[in-house]
Amino acid sequence: MSIGRTGEPGPVPDRTEAADPHRWWGLVVIALAQLMVVLDATIVNIALPSAQAALHISDGNRQWVITAYTLAFGGLLLLGGRIADLVGRKRTFVIGLIGFAGASALGGAAGSSAMLFGARALQGVFAALLAPSALSLLTTTFTDPRERGKAFGIYGALAGSGSAIGFILGGLLTEYLNWRWCLYVNVPIAVAAVLGAFALLHDRPGHGGAARLDARGAVLGCGGLVAIVYGFSEAEPRGWTDPLVLALFAAGIALLAVFVWWQNRAPDPLLPLHIVRDRNRAGCFLTMLLAVIGLFGLFLFMTYYLQVVLGYSPVRAGLGFLPLTAAIIIGSTQISARLLNRVAPRMLMVPGMLLATGGLLLLTRMTVHSSYTSEILPALLLLGLGMGLTFMPVFATATAGVAPRDSGVTSATVNTAQQVGGSIGTALLNTIATTSAAAYVTAHLRSPADRAAVVPAGVVHGYTVAIWWAAAVMLLAAVVAGVMVTAKPPRHGIPAKAQVRESVG
């Protein structure tokens with residue numbers, strides 16, 4: 001889940017103000033919209049093999065179906081929160097819904113890979129408007145502390161279930177209709193949410209009257225990320241030393257350096273740099289980014305491994321991911337949430353990353369004929385528990401002790417790290433996998449008669465090489481958490497469990 005600048009608390013409510021009689025139905029509308037945004041990251045994963053075949057997308061470019069969405073979403077998230085402050089939360093919410101529905105319809109009707117990539121990027125743009133305005137509406141609708149806790153719990157549970165719902169729904173739609181319905185399905189959901197928003201949601205005055213848009217910062221930050229991710233993508237067909245690839249990396253680094261320089265001087269920066277100068281928060285941001293690099297890359301590989309190599313149907317492949325999602329939820333809500341008051345955050349984060357690393361190492365042993373129950377399932381459970389142990393203390397520690405005016409942007413930065421890590425991980429690991437697979441096939445293909453056996457083995461070899469790299473990145477995350485996150489156990493409890501479940505999506 002993603003939280004924008006508007007995630008910070010609204011004005012102190014007037015005790016005499018009557019509560020909105022439709023506020024609980026309004027919660028349904030808000031949660032429905034957020035659920036749509038969260039599940040869209042996983043519903044398309046299951047449909048990807050079918051979409052790739054239908055639109056003749058190369059193995060090197062297939063990752064853009066995922067990356068175009070996560071990159072636009074993460075890169076523009078902070079700006080989306082600022083726009084909600086300036087334009088109005090309800091208006092931004094409705095605009096985001098309408099735009100998301102239109103982009104989804106465009107993607108479902110795509111007749112070429114470029115059209116699909118563009119539609120997915122457009123979805124990410126409108127998701128960056130929708131997510132922060134949804135959370136801000138929730139914050140201003142529920143002003144009573146007891147009701148707010150219950151509302152955030154319901155909201156978090158629905159948003160956190162998005163990944164599991166996405167895998168199952170994606171499998172059902174792909175198998176019984178076709179992959180295009182994994183995008184078309186957003187249209188009726190968005191229409192219902194728009195109608196509900198007009199009838200049930202009410203915008204309240206906030207602090208955003210003085211908010212200004214840091215458009216220059218948005219262009220610099222998002223441009224730098226796009227250049228780097230595009231460089232990873234082009235490394236597969238061109239090679240790592242190709243002049244274009246090196247130029248993209250250089251341009252990306254330069255743009256991000258100018259972004260940092262500008263954030264020190266901007267009158268209303270997207271990312272106030274004092275937030276990332278804190279050692280614990282910086283450690284949490286970096287840990288989240290590194291952890292998600294491995295997780296999102298694995299989603300891509302396992303989707304293809306289950307459907308293409310093992311021959312699972314889309315529905316069966318979607319169900320195959322459920323143990324991973326369940327393990328993340330259990331690790332977050334039943335282990336981390338119970339222990340964080342008693343132990344330092346890194347005492348959960350470091351073991352969590354080590355468990356996740358162990359799960360990835362188990363997956364490096366998979367072959368063309370691996371058994372799901374005895375070889376794949378244990379690895380997914382270890383990975384899920386490890387990520388669950390990590391997500392909770394990352395959110396709790398990163399948002400602890402910040403000034404009220406910075407609470408929203410701090411939460412947004414954690415979620416931006418999550419989305420950007422997913423973008424980089426998907427592009428980087430896909431490039432490693434396809435390059436390694438091609439090298440294996442070239443080295444082992446002696447005659448055309450060997451192709452039926454060599455190509456599947458080469459594909460799985462590419463996956464395992466990429467997973468080795470993912471395990472190394474996950475191990476680096478454990479080191480970062482152990483060295484940089486030195487916070488003590490919190491004294492006054494932990495943040496709402498909504499943040500735990502939101503991180504699953």
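All values below come from the heavy atoms of this structure, side chains included, with hydrogens, waters and symmetry mates left out. None of these values were measured; they are calculated from a predicted model.
Every side-chain contact (heavy atoms from CB on, under 4.5 Å) that Ala119 has, sequence neighbours left out, goes to Leu106. When the side-chain hydrogen bond (donor to acceptor under 3.5 Å, both in side chains) test is applied to Thr174, no partner is found at least two apart in sequence or on another chain. The side-chain contact (heavy atoms from CB on, under 4.5 Å) search around Ile253 returns none, not counting sequence neighbours. With sequence neighbours left out, the side-chain hydrogen bond (donor to acceptor under 3.5 Å, both in side chains) criterion links Trp64 to Ser233. For the side-chain contact (heavy atoms from CB on, under 4.5 Å) test, residues two or more places apart in sequence or in another chain that qualify with Val460 are Tyr305, Val309, Met366, Val368, Thr464. Applying the side-chain hydrogen bond (donor to acceptor under 3.5 Å, both in side chains) criterion to Thr426, with sequence neighbours excluded, gives no partner residue. Contacts of Ala33 classified as side-chain contact (heavy atoms from CB on, under 4.5 Å), with partners at least two apart in sequence or in another chain: Phe93, Leu97, Leu130.
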What verdict does the side chain to side chain contact (heavy atoms under 4.5 Å, CB included) test give for Val260 and Leu256, after you've listed the backbone C-alpha separation in whole Å, the side-chain angles of each residue and the deciding distance to 0.1 Å? CA-CA 6 Å; Val260 172; Leu256 292 178; 5.7 Å; no
Let's go through Phe100 and Val187 carefully: what are the C-alpha distance in whole Å and the side-chain angles of both, what is the deciding distance for side chain to side chain contact (heavy atoms under 4.5 Å, CB included) to 0.1 Å, and is it a yes or a no?
CA-CA 8 Å; Phe100 197 89; Val187 176; over 6 Å; no
- Query: Would Asn61 and Ser58 satisfy side chain to side chain contact (heavy atoms under 4.5 Å, CB included), going step by step from the backbone distance to the final call?
  - Reply: CA-CA 5 Å; Asn61 286 332; Ser58 69; 3.3 Å; yes
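Nearest heavy atom pair, residue Ser336 against residue Gly388, reads OG-O, 3.6 Å. Nearest heavy-atom pair, Cys284 versus Pro393, reported as atom, atom and distance to 0.1 Å: SG-O, 4.4 Å.
Side-chain atoms of Ser436 never come within 3.5 Å of backbone atoms of Ala433 as a donor-acceptor pair (strictly under, hydrogens ignored). Within the 3.5 Å criterion, the main-chain N or O of Tyr440 finds a donor-acceptor partner in the side chain of His444.
Of the listed residues (Asn186, Ile189, Val185, Leu122), just one forms a side-chain contact (heavy atoms from CB on, under 4.5 Å) with Ser104, and that residue is Asn186.
In this pair, Tyr184 and Trp181 present their aromatic rings perpendicular. The plane angle is above 60°, beyond the 30 to 60° band.
Arg62 places none of its side-chain heavy atoms less than 4.5 Å from the side chain of Val65. Contact of the Met484 side chain with the Arg346 side chain is not registered, since no non-hydrogen atoms from C-beta on lie closer than 4.5 Å. Considering only heavy atoms from C-beta on, Leu248 stays 4.5 Å or farther from Ile228 through its side chain. Between Val479 and Met353 the shortest side-chain heavy-atom distance does not fall below 4.5 Å. With contacts defined as side-chain heavy-atom distances shorter than 4.5 Å, the pair Ile57/Phe117 qualifies. Using a 4.5 Å heavy-atom threshold, the side chains of Leu360 and Thr364 count as separate. Looking only at side-chain heavy atoms (C-beta outward), Ile46 and Leu169 stay at 4.5 Å or farther from each other. Looking at Leu428 and Trp469, their side chains never come closer than 4.5 Å, going by heavy atoms from C-beta outward.
The side-chain hydrogen bond (donor to acceptor under 3.5 Å, both in side chains) contacts involving residues 371-391 comprise Ser370-Glu375, Ser371-Ser374, where partners must be two or more places apart or lie in separate chains. Judged as a salt bridge (Lys or Arg N to Asp or Glu O under 4.0 Å), the pairs with a partner in residues 104-124 (not counting sequence neighbours) are, in order, Asp40-Arg120. Under the side-chain hydrogen bond (donor to acceptor under 3.5 Å, both in side chains) criterion, the residue pairs touching residues 310-320 are Glu175-Ser313, with sequence neighbours excluded. Evaluation of the salt bridge (Lys or Arg N to Asp or Glu O under 4.0 Å) test over residues 282-298, restricted to residues two or more places apart or in two chains, returns none.
The distance from the CZ atom of Arg180 to the CG atom of Leu116 is 8.5 Å, given to the nearest 0.5 Å. Atoms CG and CG, on Leu383 and Leu362 in that order, are 10.5 Å from each other to the nearest 0.5 Å.
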List the atom pairs, with distances to 0.1 Å, where a side-chain N or O of residues 286-304 and a protein N or O form a donor-acceptor pair under 3.5 Å, not counting sequence neighbours.
{"unit_1": "Thr287", "atom_1": "OG1", "unit_2": "Gly283", "atom_2": "O", "d": "2.7"}
{"unit_1": "Thr303", "atom_1": "OG1", "unit_2": "Phe299", "atom_2": "O", "d": "2.8"}
{"unit_1": "Tyr304", "atom_1": "OH", "unit_2": "Gln52", "atom_2": "OE1", "d": "2.4"}

